[in-house]
Amino acid sequence: MATFLHRVGLWSFRRRRTVLLIWLAVMAAALIGAVSASEPPKDSASMPGIESQEAFDLVDERFPGAAADGAQARVVFVAEPGQHVTSDANRAAIDQLVAAAAKGPQVAEVSSPFETEAVSKDGSTAYATVTYKVTSDDLTDAGKAALTKAVEQARDAGLTVEVGGSALETEAAQGLGEVLGVLVAALVLVITFGSLAAAGLPLLTAIAGVCVSLAAITVLGSVFGFSSTVGDLAMMLGLAVGIDYSLFVVSRYREERAKGHPAQQATALAVGTAGSAVVFAGLTVIIALLGLSVIGVPMLSKMGIGSAGAVMVGVLIALTVVPALLGFWPDAVLSRRARKGHSRKRWGHSGAKGSDAAGEKGGTPAWGVRWARFVVRKPVAVLLLSVVGLSALAIPSLDLRMGMPGDEAKSTSTTERRAYDALAEGFGPGFNGPLTVVVDATEADGPKAAVQAVTDQLADTPGIVSVSPARFNEANDTAVLSAVPSTAPTSPRTQDLVHTIRDERPALASATGADFKVTGTTALNIDVGQKMQDALVPYLAVIVGLAFLLLMLVFRSILVPIKAALGFLLSVGAALGAIVLVFQQGHGAGLFGVDETGPIMSTMPIFLVGIIFGLAMDYQVFLVSRIREAHIHGEEPNQAIATGFRHSAQVVGAAALIMMAVFGAFMTGGESMVKMVGFGLASAVFFDAFIVRMAFVPAVLALLGQRAWWLPRWLDKRMPRVDVEGEALGERTAEPSDPSAHQATVRV
């Protein structure tokens with residue numbers, strides 16, 4: 001691998017104009033295709049394999065043209081204290097709104113609260129439902145304006161009017177997102193490298209890679225069904241890994257130049273060594289993302305495929321475009337002192353022994369070396385502190401409640417949240433999460449009698465407040481009921497209620513011949529959460545198993561991949577615990593701009609596992625490959641740890657800060673779920689890079705010593721050699737000024 005990538009780096013350096021022209025042509029073709037491509041499809045909420053989705057599909061089949069997915073607005077009226085919505089003045093204002101809303105464009109139906117008995121028992125609250133012929137995405141501005149005008153007129157009449165539902169849903173404020181992430185990344189790179197050119201090159205190549213990826217996703221959108229969400233995730237991941245991968249190569253290039261290698265040779269060596277780590281780190285990310293396909297959720301599968309493509313583009317650019325740009329400006333990325341010829345004094349020799357190998361030539365050792373030496377002196381204490389600390393942070397994850405945060409998680413400044421609260425106060429906490437029951441009576445002798453039996457059974461179920469009259473289809477063989485629970489949609493008691501209703505189904509179906517399915521937003525969230533929970537173990541088995549084989553191939557060790565997997569589980573557990581602490585339990589929520597707490601997004605755990613597993617392996621491969629490189633060149637285990645940290649700790653730290661900046665910047669937006677994703681990814685990167693890789697990993701390696709690199713002889717003979725450390729480069733890795741370094745390469 002190292003030899004092949006050495007040739008790739010050398011070719012890219014020598015044929016730099018050709019490389020740039022090829023990539024410019026690829027980018028131009030992708031952009032032209034994106035401009036002429038059709039609109040990307042809308043995000044699909046389809047969740048095959050769960051009862052809620054089967055019920056939705058049955059409604060679409062038995063109630064054609066019902067526009068089950070049409071936009072809807074629930075207009076909530078609250079009378080002044082001491083008044084009732086049924087008073088003459090208030091009733092007139094409500095009737096006027098209903099009449100005005102019915103005349104609006106794209107409106108299918110408007111139900112008056114006085115005709116549907118949608119008035120609270122105390123008369124303080126009522127609601128009208130406006131149903132549209134089109135989805136919320138297709139609702140025109142004129143349609144929204146007509147309803148907004150009617151609402152304002154009712155408010156002028158003295159009523160408190162709030163609007164929930166999808167029709168007038170308030171768009172969350174847009175944060176600085178990737179712009180802030182890029183700015184922070186630039187600052188980190190400037191501080192790390194001390195050179196604007198060295199900082200700008202990773203940023204430039206990462207942005208170019210993201211442009212190519214997003215354009216390609218747009219072009220392929222109509223073929224593979226890639227929605228805008230796929231592009232958002234691809235942009236976030238592509239930017240993060242693109243900067244990191246280019247950073248690894250540029251850092252190694254500066255190191256090789258500091259040893260005295262000319263620019264061409266330094267570039268080839270950087271791509272042959274750091275490039276090998278980039279390839280295998282990228283492969284682990286791609287494995288984790290493609291592994292999302294095993295869950296069986298089309299949306300997650302598409303997000304994984306699109307993001308994996310963006311990561312692949314980032315790898316290719318780091319291996320070709322970066323060396324090509326180094327060929328155009330070979331000295332620009334060097335520090336000012338290095339450009340003045342003091343690089344050897346500043347950086348020292350990698351082939352030197354003793355103190356030089358630890359990075360203390362002519363002065364104080366680098367912070368990475370000092371920390372590594374401390375860890376190898378106190379490995380047990382460091383290991384215990386890191387494990388206990390991360391395990392303590394993971395404890396709140398045992399209280400994890402999954403769901404899809406709705407209006408209850410929005411800020412009280414939004415009309416949707418105020419409408420939610422008004423309905424809960426006027427009609428009970430379960431009113432905002434009714435259960436929809438679809439009764440299939442095609443096999444029943446008397447369909448209406450069977451549906452009535454289901455209705456009676458639901459009404460008698462403890463925890464059900466009310467059941468609506470059945471609504472039949474034209475064939476009178478299928479009916480839809482609405483059952484209101486006594487508890488809130490996110491309450492564990494509501495989840496138990498759904499299971500109770502479904503458990504009663506076999507006996508009722510046997511007695512009546514009618515089958516039924518429970519759906520609705522509340523039941524859908526419960527089913528999705530269960531599906532994600534059931535998929536987590538096989539998903540972990542797939543990605544951890546494949547990555548274990550890959551890491552075993554890279555490091556030629558059994559224990560190192562096991563250590564990597566255990567460290568990953570610690571960081572993910574701590575990240576999930578932090579998410580529960582902030583977004584579910586509310587501890588420190590104000591510090592992160594979280595207005596309301598609630599359940600954790602159902603897809604968050606498995607989403608976090610997939611992405612962080614891949615990104616964590618970036619640091620694993622880059623850090624441990626440098627330790628192994630020092631070890632196979634003859635250094636003792638503890639000395640190899642110090643040498644590996646000297647060369648990689650600063651770069652890994654900078655890469656982690658960049659990723660945290662990119663992910664954390666998405667917390668500046670107003671959408672609760674986006675904040676949750678940004679916080680989860682940023683915290684997981686922090687735990688993995690600065691605690692697991694910087695403390696847990698060297699402590700374990702120090703305790704294992706030579707045994708860390710143990711591999712059964714029979715397995716060693718059967719495994720192909722990929723040579724990530726550049727061992728096969730032979731004399732190319734020797735320093736030109738130190739002939740004895742040619743003899744430093746030994747096989748272990």
Side-chain angles (χ1 to χ4, degrees), residues 8 19 22-41 43-44 178 181 202 204-246 248 275 278-295 297-322 539 542-543 546-547 550 603 606-607 609-615 617-618 621 659 662-663 677 681:
V8 170
V19 170
I22 291 174
W23 276 104
L24 288 174
V26 170
M27 181 180 294
L31 292 175
I32 292 172
V35 170
S36 59
S38 57
E39 287 290 324
D43 286 324
S44 174
E178 63 277 3
L204 176 65
T205 53
I207 292 173
V210 167
C211 289
V212 172
S213 301
L214 292 181
I217 288 173
T218 303
V219 172
L220 300 174
S222 58
V223 179
F224 295 100
F226 291 153
S227 64
S228 59
T229 304
V230 175
D232 292 341
L233 179 61
M235 176 178 62
M236 183 167 62
L237 286 179
L239 190 61
V241 302
I243 294 174
D244 281 3
Y245 294 162
S246 297
F248 293 160
V278 166
V279 168
F280 284 97
L283 281 176
T284 57
V285 180
I286 291 171
I287 287 173
L289 292 171
L290 293 181
L292 291 171
S293 301
V294 306
I295 301 171
V297 178
M299 179 184 68
L300 289 179
S301 299
K302 294 171 185 177
M303 292 171 68
I305 293 172
S307 301
V311 172
M312 185 178 297
V313 170
V315 171
L316 293 176
I317 283 183
L319 299 179
T320 56
V321 176
V322 170
Y539 176 60
V542 169
I543 64 172
L546 291 175
L550 187 63
T603 55
I606 204 161
F607 184 75
V609 165
I611 295 178
I612 293 303
F613 182 83
L615 298 181
M617 292 305 106
D618 280 6
V621 171
M659 280 199 179
V662 173
F663 295 146
V677 171
L681 294 177

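The shown structure was predicted, so the numbers you read here are calculated from the model rather than taken from an experiment. Basis for what follows: all heavy atoms, side chains included, without hydrogens, waters or symmetry-related copies.
To the nearest 0.5 Å, atom CD1 of residue Ile317 and atom OG of residue Ser213 are 7.0 Å apart. Note that the CG atom of Leu316 and the OH atom of Tyr245 stand 11.5 Å from one another [nearest 0.5 Å]. Here the CD1 atom belonging to Ile207 is positioned 11.5 Å from the CE atom belonging to Met235, to the nearest 0.5 angstrom. For the atom pair Ser307 OG and Leu289 CG, the distance stands at 5.5 Å (nearest 0.5 Å). In this structure, CG on Leu31 lies 10.0 Å from CG on Leu214, to the nearest 0.5 angstrom. A distance of 12.5 Å separates CD1 of Ile286 from CD1 of Ile305, quoted to the nearest 0.5 Å.
Minimum interatomic distance between Ala234 and Ala310 (heavy atoms only, all atoms of both residues): O-CB, 3.8 Å. Of all the heavy atoms in Ala206 and Gly242, the pair that sits closest is CB-C, 3.6 Å. The minimum heavy-atom distance linking Ala318 with Ser246 is given by the pair CB-N, 4.1 Å. Taking each heavy atom of Leu290 and Ala308 in turn, the nearest pair found is CD2-CB, 3.9 Å. When all heavy atoms of Met27 and Cys211 are compared, the pair lying nearest together is CE-CB, 4.5 Å.
The backbone N or O of Pro202 sits less than 3.5 Å from a side-chain atom of Thr205, completing a donor-acceptor pair.
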Decide side chain to side chain contact (heavy atoms under 4.5 Å, CB included) for Leu292 and Lys302; before the verdict, give the C-alpha distance in whole Å, the side-chain angles of both, and the deciding distance to 0.1 Å.
-> CA-CA 9 Å; Leu292 291 171; Lys302 294 171 185 177; over 6 Å; no
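Residues Phe280 and Val315 are not in side-chain contact: their nearest non-hydrogen atoms beyond the backbone lie 4.5 Å or more apart.
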